[in-house]
Amino acid sequence: MKKVISLALAAVICSASMLLAACGGSTTKKIATVDDLEGAKIGVQLGTTGDIYASDYEEKGSTVERFNKGADAVLALTQGKIDCVIIDSEPAKAFVAANDGLKILDEPFAEEEYAICVAKDNTDLLGKINTALAELKADGTTESIEKNFIGDDTKGKTPYVTPAGTDYPNGELHMATNAFFEPYEYYDGDTVVGIDASMAQAICDKLGYKLVIDDMDFDSIITSVQTGKADFGMAGMTVTDERLQSINFSDSYTTATQVIIVKE
């Protein structure tokens, strides 16, 4: 009788395991280095640099799962549906801090520079943005903004404040972003804040434009800028040859690192 029960129980466990695997609920690929990405299930945010770089591994037997939000990719990792997530280092730190059992590999995946995207035919705005960026770098504003959002010793201590007497005679500039990429852009209540939001505000203050932030899916940003629905895009966006075919980029305003999040 015990043997029959044991066999029946084993069958149930086996069936459950097969069902879980079929639904993508478990994974066995352990990622310890970049070399382990071949054949792995990789999670990325759709349209990001992580997505672009991870696509190269599809030819090597890897499966790339694309999510509209980085948080959704991290959730899939915690549920065992994917083996890792490739994303920028600063959002990665926030995700790991908020989710027990995750870690960031010591080995970086890629180095990159972030810049502001502008439509190909909007060279006037591009020139103005570059001029404003140069001035903000020179007076230490860009560094101060970064420190306000990054670093345990400096976080929250140097918020950007619009200079007294600033007005906006030139109308509005619409910034396209995806506000789920802390600390570059994220929600504080109903307000989009972060490094990019503060830098965009500082640029608009310099140029005499009122900043309007339009939140959208990351992979809609370039199209929005191309079609004129937004004046510029700023969302932790890396300059790549592929993107340069569609849009122009400003000078870089910060450097970043793509990293790999895995289960501990």
Side-chain angles (χ1 to χ4, degrees), residues 44-55 64-73 86-88 91 112-134 136 142 145 167-187 190-254 256 258:
V44 297
Q45 184 176 0
L46 181 65
T48 61
T49 310
D51 183 1
I52 294 171
Y53 291 158
S55 297
V64 178
E65 299 288 346
R66 296 171 172 87
F67 301 85
N68 285 329
K69 300 176 183 177
D72 293 338
I86 296 176
I87 199 167
D88 178 87
E112 57 189 342
E113 292 189 341
Y114 287 167
I116 301 167
C117 72
V118 178
K120 284 282 190 182
D121 60 357
N122 203 348
T123 54
D124 180 61
L125 178 59
L126 182 63
K128 290 178 180 178
I129 288 175
N130 280 333
T131 298
L133 268 178
L136 293 168
T142 56
I145 288 172
D167 56 13
Y168 308 110
N170 298 321
E172 298 179 343
L173 282 182
H174 283 250
M175 165 185 163
T177 194
N178 176 247
F180 295 91
F181 199 60
E182 187 178 356
Y184 293 97
E185 39 269 319
Y186 60 99
Y187 279 99
D190 295 329
T191 304
V192 177
V193 299
I195 293 172
D196 288 350
S198 294
M199 287 199 181
Q201 184 62 64
I203 290 169
C204 286
D205 288 346
K206 283 271 187 187
L207 300 179
Y209 289 95
K210 179 181 178 181
L211 174 65
V212 179
I213 299 178
D214 299 328
D215 184 19
M216 61 189 69
D217 289 340
F218 186 89
D219 63 334
S220 298
I221 293 174
I222 289 177
T223 301
S224 181
V225 172
Q226 282 181 304
T227 58
K229 292 181 179 179
D231 297 293
F232 66 96
M234 201 169 182
M237 188 172 288
T238 307
V239 180
T240 67
D241 290 338
E242 180 181 349
R243 288 172 177 163
L244 282 169
Q245 295 177 15
S246 305
I247 51 173
N248 283 333
F249 278 99
S250 70
D251 297 332
S252 170
Y253 62 87
T254 192
Q258 289 284 315

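Sequential numbering from 1 along the given sequence is applied to the chain's residues. Since we're looking at a predicted model, the values are computed, not measured.
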K.L.:
Using side chain to side chain donor-acceptor pair (under 3.5 Å), reason through Asp205 and Gln201 one step at a time and then give a plain yes or no.
P.N.:
CA-CA 6 Å; Asp205 288 346; Gln201 184 62 64; 2.8 Å; yes
K.L.:
Pair Val239, Glu113 - check side chain to side chain contact (heavy atoms under 4.5 Å, CB included), show working.
P.N.:
CA-CA 7 Å; Val239 180; Glu113 292 189 341; 5.8 Å; no
K.L.:
Between Tyr114 and Tyr184, does the ring centroid distance fall short of 6.0 Å?
P.N.:
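Yes, ring centres under 6.0 Å apart.
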K.L.:
State, with a plain yes or no, whether a side-chain heavy atom of Tyr187 is found less than 4.5 Å away from one of Val193.
P.N.:
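No, every pair of side-chain atoms sits at 4.5 Å or beyond.
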K.L.:
Quick check: closest heavy atoms across Ile222 and Ser246, and the distance to 0.1 Å?
P.N.:
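Scanning both residues, the minimum pair turns out to be CG2-CB, 4.2 Å.
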K.L.:
So, taking the atom named CD in Gln245 and the one named NZ in Lys120, what distance separates them when rounded to the nearest 0.5 Å?
P.N.:
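Reported to 0.5 Å precision, the distance equals 8.5 Å.
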K.L.:
Rounded to the nearest 0.5 Å, what separation is found between the OH atom of Tyr168 and the CG atom of Leu173?
P.N.:
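Those atoms lie 11.0 Å apart.
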K.L.:
Given side chain to side chain contact (heavy atoms under 4.5 Å, CB included), test Leu136 with Ile203 step by step and report yes or no.
P.N.:
CA-CA 8 Å; Leu136 293 168; Ile203 290 169; 3.7 Å; yes
K.L.:
For Asn178 versus Met216, what's the shortest heavy-atom pair and its separation?
P.N.:
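In this case the closest contact between Asn178 and Met216 is ND2-O, 2.8 Å.
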K.L.:
Under the 3.5 angstrom rule, does the side chain of Arg243 hit a backbone N or O of Thr238 as a donor-acceptor pair?
P.N.:
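Side chain of Arg243 to backbone of Thr238: a pair is present.
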K.L.:
Taking side chain to side chain contact (heavy atoms under 4.5 Å, CB included) as the criterion, tell me which of Ile247, Ile129, Thr123 meets it with Val118.
P.N.:
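Only one option passes, and that is Ile129.
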K.L.:
Please confirm whether the backbone N or O of Ile195 pairs with a side-chain atom of Ser198, one donor and one acceptor, at under 3.5 Å?
P.N.:
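No, Ser198 side chain to Ile195 backbone: no donor-acceptor pair under 3.5 Å.
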K.L.:
Return the minimal non-hydrogen interatomic distance between Ile86 and Gln258, and the atom names on each side.
P.N.:
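Closest pair (atom of Ile86, atom of Gln258, distance): CG2-OE1, 3.6 Å.
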K.L.:
At what distance, to the nearest 0.5 angstrom, does CD1 of Ile221 lie from CG of Asp214?
P.N.:
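If we round to the nearest 0.5 Å, Ile221:CD1 and Asp214:CG are 10.5 Å apart.
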K.L.:
Measuring from atom CG of Asn130 to atom OH of Tyr253, what distance do you get when rounded to the nearest 0.5 angstrom?
P.N.:
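With rounding to 0.5 Å, CG (Asn130) is 13.0 Å from OH (Tyr253).
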K.L.:
Could you walk me through whether Met175 and Asp196 pass side chain to side chain contact (heavy atoms under 4.5 Å, CB included), step by step?
P.N.:
CA-CA 10 Å; Met175 165 185 163; Asp196 288 350; 4.1 Å; yes
K.L.:
Should we count NZ of Lys210 as having more than 12 external heavy atoms under 6.0 Å?
P.N.:
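No - once you tally the heavy atoms of other residues, nucleotides and ligands closer than 6.0 Å, there are 12 at most.
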K.L.:
Quick one: closest heavy-atom pair of Ala179 and Asp215, and the distance?
P.N.:
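Distance-wise, the nearest heavy atoms are N-OD1, 2.9 Å.
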K.L.:
Tell me if the NZ atom of Lys229 is crowded by more than 12 foreign heavy atoms within 6.0 Å.
P.N.:
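Open: at most 12 neighbouring heavy atoms sit under 6.0 Å from NZ of Lys229.
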K.L.:
Any chance you could measure Phe181, atom CZ, to Gln45, atom CD, to the nearest 0.5 Å?
P.N.:
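Here the interatomic distance stands at 6.5 Å.
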K.L.:
Counting only N and O atoms by type, is there a donor-acceptor contact under 3.5 Å from the side chain of Thr177 to the main-chain atoms of Met234?
P.N.:
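Yes: the side chain of Thr177 pairs with the backbone of Met234.
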K.L.:
Would you check if the side chain of Asn170 reaches a backbone N or O of Tyr209 as a donor-acceptor pair within less than 3.5 Å?
P.N.:
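Looks like no, no N/O pair under 3.5 Å.
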K.L.:
Between the side chain of Ser224 and the main-chain N/O of Ser220, is any donor-acceptor distance below 3.5 Å?
P.N.:
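Such a contact is absent between Ser224 side chain and Ser220 backbone.
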K.L.:
Please report the shortest heavy-atom distance between Val225 and Phe232, naming the atom on each side.
P.N.:
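Taking every non-hydrogen atom into account, CG2-C, 3.6 Å.
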K.L.:
Can you give me the closest heavy-atom contact between His174 and Asp231, atom names plus distance?
P.N.:
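Taking His174 first and Asp231 second, the nearest heavy atoms are N-OD2, 2.6 Å.
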K.L.:
Please round to the nearest 0.5 Å and tell me the distance separating atom CZ of Phe249 and atom CG of Leu244.
P.N.:
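So the gap between those two atoms works out to 6.0 Å.
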K.L.:
Could you give me the CA-CA distance, side-chain angles and deciding distance for Val44 and Val64, then say whether side chain to side chain contact (heavy atoms under 4.5 Å, CB included) is met?
P.N.:
CA-CA 7 Å; Val44 297; Val64 178; 3.7 Å; yes
